[in-house]
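Input: a single structure, listed below in structure tokens.
Numbers here are sequence positions counted from 1. Model, not experiment: these values are computed from the prediction.
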Amino acid sequence: MELFSRDAEMSYLGSLMLINSQTDLQDAIQVVPNEDIYVPAHKSIHRAIKSLNMVGSAIDIVTVKNELGTYLPNVGGVEYIMQLAEFVPSASNWLHYAEIIKREAYRRRVL
């Protein structure tokens with residue numbers, strides 16, 4: 001039994017790079033704490049996105065890639081960052097992906 005959803009994590013992170021509204025982006029970034037993300041590479045990408053947000057930078061494939069810097073190969077390279085953005089069924093569904101991540105994190109803590 002898996003206690004995480006790779007698809008939800010990928011869709012959530014991809015959504016963060018595609019959300020156009022600054023207000024929605026602020027909400028989306030705050031909903032999921034980094035410790036709720038299961039996949040180590042996804043934790044690093046999420047941390048990079050949060051860092052960019054803290055300094056008011058744009059969040060997209062290029063800025064996330066640059067924020068990861070020399071750590072980029074450890075998360076799958078620029079190809080994986082691009083895959084995250086392409087994987088998202090709909091960036092407007094970010095809250096649904098976040099809820100799945102949070103539910104799975106809760107299940108892991110309970111077990």
Quick check: closest heavy atoms across [X] and [Y], and the distance to 0.1 Å?
X      : Y     : value
Leu84  : Leu13 : CD1-CB, 4.2 Å
Ala58  : Leu52 : O-CD1, 4.2 Å
Arg108 : Glu35 : NH2-O, 4.3 Å
Ser15  : Ala91 : OG-CA, 3.5 Å
Ile100 : Ala8  : CG2-CB, 3.6 Å
Ile101 : Val32 : CG2-CG1, 3.8 Å

Same cluster or not: [X] versus [Y], using hydrophobic residues (I, L, V, M, F, W, Y) connected whenever any side-chain heavy atoms lie under 4.5 Å apart?
X     : Y     : result
Val31 : Ile29 : yes
Ile49 : Tyr71 : yes
Val39 : Phe87 : no
Val62 : Met82 : no
Phe4  : Ile37 : no

Under 3.5 Å: donor-acceptor pair, side chain of Glu9, backbone of Tyr38: yes
Less than 4.5 Å apart, side chain to side chain, heavy atoms only: is that true for [X] and [Y]?
X     : Y      : result
Leu16 : Asn53  : no
Tyr12 : His46  : yes
Trp94 : Leu18  : no
Ile81 : Met17  : yes
Glu99 : Arg103 : no
Pro33 : Lys102 : yes
Tyr80 : Leu72  : no

First locate atom [atom1] of [X], then atom [atom2] of [Y], and finally report the distance between them rounded to the nearest 0.5 Å.
X     : Y     : atom1 : atom2 : result
Leu68 : Ser44 : CG    : OG    : 7.0 Å
Lys50 : Gln30 : NZ    : CD    : 5.5 Å
Leu25 : Ile59 : CG    : CD1   : 4.5 Å

Distance-only side-chain donor-acceptor flag, Asp60 / Thr63, under 3.5 Å: yes
Audit row: Arg107, Glu104, salt bridge (charged side-chain N to carboxylate O under 4.0 Å, His left out) steps and yes/no: CA-CA 5 Å; Arg107 290 176 59 205; Glu104 295 302 318; 2.8 Å; yes
OH (Tyr106) with more than 12 external heavy atoms under 6.0 Å: no
Side chain to side chain contact (heavy atoms under 4.5 Å, CB included) assessment of Arg47 paired with Lys43: CA-CA 6 Å; Arg47 204 173 300 116; Lys43 280 183 185 277; 4.0 Å; yes
CA sep, side-chain torsions, deciding dist, call: Gln22, Gln26, side chain to side chain contact (heavy atoms under 4.5 Å, CB included): CA-CA 6 Å; Gln22 191 63 26; Gln26 293 300 321; 3.0 Å; yes
